[in-house]
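Residue numbers start from 1 in every chain, and the chains themselves are labelled A, B, ... in the order their sequence lines are given, proteins ahead of strands.
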Amino acid sequence: MGTLDRLLRDRLAPAFAAVAGRPADPSLRRSQHADFQADGALALARALGRNPRDIAAEVVQRARLADLCKTVEIAGAGFINLTVADDAVAALLADMGRDERLGVKAAEVPETVVIDYSAPNVAKEMHVGHLPSTVIGDAAARLLDWLGHRVVKANHLGDWGTPFGMLIEHLLDIGEAEAAHELSLGDLNAFYRAARSKFDADEAFKERARNRVVALQGGDERTIRLWRLLVDESEKYFLAVYERLDVCLTEKDFFGESFYNDMLVPVVGELDRLGLLRESDGAQVVFPAGFTNRDGNPLPLIVRKSDGGFGYGATDLAAIRYRTRELHATRLLYVIGLPQRQHLEMVFEVAREAGWLSPPARAQHVGFGSVLGPDGKIFRSRSGETVKLADLVDEAVARATTLIEEKNPDLDEATKANVARMVGVGAIKYADLSSDRTRDHVFDWARMLSFDGNTAPYLQYARARILSIFRRGGVTPVRDLARITVTEPAERALAIELLAFEGVVTEVAESLDFHKLAGYLHQVATAFTAFYENCPVLRAEGEVRESRLALSDLTARVLGRGLGLLGIGAPDRM
RNA sequence: GCGCUCGUAGCUCAGUGGAUAGAGCAGGGGUCUUCUAAGCCCAGGGUCGCAGGUUCGAAUCCUGCCGAGCGCACCA
């Protein structure tokens with residue numbers, strides 16, 4: 001879990017091993033009966049043929065805990081209840097306070113991590129469906145970067161394929177200048193729909209579009225230039241949305257499908273040489289082990305379609321091969337919706353069989369559920385269309401502005417605008433990050449913008465309140481106290497919570513279950529408000545005042561850093 | 001049919017095989033001459049979908065049902 005947790009575990013583990021005669025899990029966890037409890041003795045009872053309380057007693061006798069624990073008691077069937085010594089808490093907190101990184105060390109062995117996320121389609125609007133991928137991927141990028149890994153953000157832009165025939169022809173119809181104008185306004189859907197409806201209605205147009213696809217794939221110079229125009233304008237628009245969303249994707253992070261075009265022939269060739277390639281119904285496919293279709297027959301991953309074109313399977317394989325071979329990535333993250341699970345698993349399996357994804361390199365599908373509307377169905381606007389991401393951000397900021405005007409009319413315009421942006425955007429992001437990403441979740445303005453509960457505004461407010469204490473008192477908390485003493489129960493509870501930060505961050509870096517970090521931050525904020533209610537800070541004196549200021553400061557920093565890792569800003573006043 | 005993700009308070013969600021299953025919202029009752037009441041406190045509210053099994057101990061692991069959503073070859 002964290003610094004304190006790990007220390008206790010390190011002391012208990014050898015004692016358990018000595019008693020069991022082999023390594024045994026102390027099974028340490030937070031407890032309602034003490035600060036921590038170790039339940040390992042119960043699990044060992046049967047294997048050792050001994051009474052669990054006797055085992056616990058022997059463990060307690062062998063474990064070196066005197067300097068860390070005030071009391072160590074055996075309770076119930078054989079639980080070891082540990083109450084941490086105030087001195088130990090004081091010293092650990094002081095260490096944490098001095099540390100710019102709040103006790104979280106940078107990775108000893110930095111990995112190259114490629115994070116595949118966001119992935120909008122050229123000439124198509126970004127909508128709510130892109131939100132989870134963009135938000136979760138961005139949090140992953142920030143977290144892993146902070147932990148010292150080399151992060152490659154791969155925005156797998158949909159910039160290639162048959163739709164570009166009709167898009168380019170439509171562009172020619174309306175003229176380059178007009179097209180650039182429409183696209184730069186962000187009216188991507190109108191552009192796409194216009195092209196689509198002509199394609200569906202007009203045979204001549206359809207024919208032109210088809211020929212244009214051939215020209216595009218053949219590398220025709222003029223066609224490529226027009227295609228590039230579409231891509232460039234769309235990228236500009238996406239970057240504007242990212243900017244508004246406070247997402248750290250930049251123009252350097254676009255690795256669209258077309259990026260892998262030159263690798264497709266070699267990839268398929270290599271699959272062939274490896275003996276993995278099969279022909280099936282005119283298409284070239286690979287049958288990865290362990291996948292069957294509805295008839296129980298082997299399920300193919302199509303790499304080359306019967307018309308000679310490459311399928312997305314080929315692109316995905318080329319991307320893996322490029323990422324492991326050229327970028328030397330050892331961790332590949334795919335922040336993509338759960339429905340694509342099977343496809344990804346198949347791609348991973350083929351990549352493994354081809355030797356492009358072998359240990360220590362590993363691929364991880366960071367899947368997520370759907371965003372639902374109040375009716376429990378896929379979130380759409382009232383008119384039944386998908387909701388533009390840009391509009392969503394506008395509405396969030398507008399709603400946040402109204403709230404702030406109500407609650408703190410004294411803020412000046414500039415501060416208000418800044419706060420509204422952080423609160424509005426933070427609320428949207430936090431909604432995607434605070435619940436188990438594998439489950440669908442309901443999009444609810446009222447709940448995500450509430451100042452109560454597990455929401456971004458609540459955490460932002462908790463932090464702003466702390467900074468307000470410092471402003472009010474005209475103090476700057478010192479960060480190099482020799483000890484941060486805690487005595488009151490509410491202080492202890494907050495302190496122990498703060499010491500768990502490192503463990504939560506470490507765990508989430510692996511699992512990418514950001515709701516655990518979110519839940520942790522909410523617990524910290526809750527623990528702080530209890531502390532704040534019960535323990536005067538500015539009105540305290542001497543060492544107690546210094547310690548409480550330091551504790552408050554540490555809380556603000558944990559909240560600020562935690563929110564920052566989630567990609568959420570925190571205003572100093574609100 | 002096979003596979004994946006699920007089923008926990010009225011609602012939205014937590015819950016690493018451990019002691020009495022927790023938050024928030026909504027509803028009820030309190031609480032500001034005192035560091036931001038945008039807060040806090042108290043009480044109520046549960047056959048953890050159902051049935052078996054493993055275990056000293058199961059919301060958690062296994063099996064089978066029921067129910068929901070998604071996927072299962074040339075769109076990504």
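- Looking at Arg29(A) and Asp39(A), their side chains come closer than 4.5 Å, going by heavy atoms from C-beta outward.
- Nucleic acid contact class of Ala462(A) (heavy atoms, under 4.0 Å, all strands): none.
- Taking only side-chain nitrogens and oxygens, Arg439(A) never comes nearer than 4.0 Å to OP1 or OP2 of rG69(B).
- Side-chain atoms of Ser547(A) and Glu543(A) include no donor-acceptor pair closer than 3.5 Å.
- Set against rA38(B), rA14(B), rU36(B), the side chain of Arg471(A) has rU36(B) as its closest nucleotide.
- With Val423(A) as the fixed residue, the side chain to side chain contact (heavy atoms under 4.5 Å, CB included) test singles out one of Thr455(A), Val397(A), Leu449(A): Leu449(A).
- Of the candidate nucleotides rA19(B), rA73(B), rC35(B), rA19(B) has the atom lying nearest to any side-chain atom of Ser31(A).
- Note on His33(A): every side-chain N or O is 4.0 Å or more away from OP1 and OP2 of rU20(B).
- Rounded to a whole angstrom, the distance from the P atom of rC41(B) to that of rU5(B) is 38 Å.
- As judged by a 4.0 angstrom heavy-atom cut-off over every strand, Ala75(A) is placed among the base-contacting residues.
- Across all strands shown, Ser468(A) has heavy atoms under 4.0 Å from base atoms, whether or not it also approaches the sugar-phosphate.
- Between the C1' atoms of rA73(B) and rG18(B), the separation comes to 48 Å (whole Å).
- Shown here, rC66(B) is classed anti by the O4'-C1'-N9-C4 or O4'-C1'-N1-C2 angle, which is more than 90° from 0.
- Annotation: rA9(B) and rC50(B) have their P atoms spaced 10 Å apart (nearest Å).
- Within the 4.0 Å cut-off from OP1 or OP2 of rC40(B), at least one side-chain nitrogen or oxygen of Tyr458(A) is found.
- With Arg492(A) as the fixed residue, the side-chain hydrogen bond (donor to acceptor under 3.5 Å, both in side chains) test singles out one of Asp35(A), Thr487(A), Thr83(A): Asp35(A).
- Between rA19(B), rA73(B), rC35(B), one nucleotide has an atom nearer to the side chain of Asn81(A) than all others, and that is rA19(B).
- Among the atoms of the strands shown, none is found under 4.0 Å from any heavy atom of Asp316(A).
- At the heavy-atom level, Leu42(A) lies under 4.0 Å from base atoms of the strands shown.
- Taking atom P in both rC62(B) and rC42(B), one finds a spacing of 38 Å when rounded to whole Å.
- Counting only heavy atoms from C-beta on, His515(A) has its side chain closest to rG15(B) among rA19(B), rG15(B), rU16(B).
- Note that the CG atom of Leu131(A) and the OG atom of Ser118(A) stand 9.5 Å from one another [nearest 0.5 Å].
- Inspection of the Tyr430(A) and Asn454(A) side chains reveals an N or O donor paired with an N or O acceptor under 3.5 Å.
- Residue Ser306(A) is in base contact, counting any heavy-atom pair closer than 4.0 Å across all strands shown.
- Comparing rG22(B) with rU47(B), their P atoms sit 15 Å apart, to the nearest whole Å.
- Contact annotation for His522(A): backbone-only contact, meaning every heavy-atom pair under 4.0 Å involves sugar-phosphate atoms and none involves a base.
- Under a 4.0 Å N-O distance rule, the pair Asp572(A)/Arg471(A) does not qualify as a salt bridge.
- For the pair Phe531(A) and Val285(A), nearest-nucleotide mapping onto RNA chain B gives the more 5' position to Phe531(A).
- Projected onto RNA chain B by closest heavy-atom contact, Thr162(A) and Leu411(A) fall at different nucleotides, the more 5' of which corresponds to Leu411(A).
- For the pair Arg447(A) and rC13(B), the criterion of a side-chain N or O lying under 4.0 Å from OP1 or OP2 is not met.
- Contacts of Glu345(A) with the nucleic acid, taken as non-hydrogen atoms under 4.0 Å apart, are absent.
- Phosphate contact (OP1/OP2 of rC2(B), side-chain N/O of Thr292(A), threshold under 4.0 Å): absent.
- If you check the side chains of His441(A) and Asp436(A), you find no donor sitting under 3.5 Å from an acceptor.
- Candidate nucleotides rU5(B), rG18(B), rC13(B) were compared by shortest atom distance to the side chain of Leu338(A), and rU5(B) ranks first.
- Side-chain N/O atoms of Arg573(A) include none lying less than 4.0 angstrom from OP1 or OP2 on rU36(B).
- If you take atom P in rC2(B) and the same atom in rC13(B), they sit 30 Å apart, rounded to whole Å.
- Nucleic acid contact for Asp444(A): none, since no nucleic acid atom lies under 4.0 Å from a heavy atom of the residue.
- Nucleic acid contact class of Asp410(A) (heavy atoms, under 4.0 Å, all strands): none.
- Considering only side-chain N and O atoms, Arg465(A) lies under 4.0 angstrom from the phosphate OP1 or OP2 of rA37(B).
- Residue contacts shown for Ala283(A) include a base, since a base heavy atom lies under 4.0 Å away.
- One can place CG of Leu44(A) at 18 Å from P of rU55(B), the figure rounded to the nearest angstrom.
- Residues Asp513(A) and Lys516(A) are paired through a salt bridge, judged by an N-O separation under 4.0 Å between the basic side chain and the carboxylate.
- For Tyr461(A) and Tyr458(A), the ring centers are positioned 6.0 Å apart or more.
- Listed nucleotides rA76(B), rA14(B), rG69(B) differ in distance to Asp440(A); the shortest reach to its side chain belongs to rG69(B).
- Residue-level contact check: Glu507(A) touches neither bases nor backbone, having no heavy atom under 4.0 Å from any strand.
- Minimum atom distance to the side chain of Asn408(A) is reached by rA38(B), of the listed rU16(B), rG69(B), rA38(B).
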| field | Base-pair map of RNA chain B as dot-bracket, where | denotes pairing with a different strand and pairs are Watson-Crick or G-U under 3.5 Å | value | (((((((..((((....[...))))..((((.......))))......(((((..]....))))))))))))....
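- Residue side chain Gln32(A) does not reach the base of rA19(B) through any donor-acceptor N/O pair under 3.5 Å, judged by distance alone.
- At the heavy-atom level, Ser370(A) lies nowhere under 4.0 Å from the strands shown.
- Side-chain nitrogen and oxygen atoms of Thr438(A) include at least one within less than 4.0 Å of the OP1 or OP2 phosphate oxygen of rC6(B).
- A sub-4.0 Å separation between OP1 or OP2 of rU34(B) and a side-chain N or O of Arg539(A) is absent.
- Nearest heavy atom pair, residue Met448(A) against residue Pro457(A), reads O-CD, 3.5 Å.
- Of the candidates rU12(B), rA14(B), rU36(B), rU12(B) carries the atom nearest the Val442(A) side chain, counting heavy atoms from C-beta on.
- Between Arg30(A) and Glu497(A), at least one side-chain N (NZ, or NE/NH1/NH2) sits under 4.0 Å from a carboxylate O, which counts as a salt bridge.
- When heavy atoms are screened at a 4.0 angstrom cut-off, His156(A) is found touching no nucleic acid atom at all.
- For a distance-only test at 3.5 Å, the side chain of Asp159(A) fails to qualify as a donor-acceptor partner of the base of rA76(B).
- Using a 5.5 Å limit on the distance between ring centres and a 30° limit on the angle between planes, the aromatic ring of Tyr312(A) does not count as stacked on the six-membered base ring of rC75(B).
- Here the separation of rC40(B) from rG3(B), taken at their P atoms, is 47 Å to the nearest Å.
- Look at the C1' atom in both rU60(B) and rC48(B): the space between them is 10 Å, to the nearest Å.
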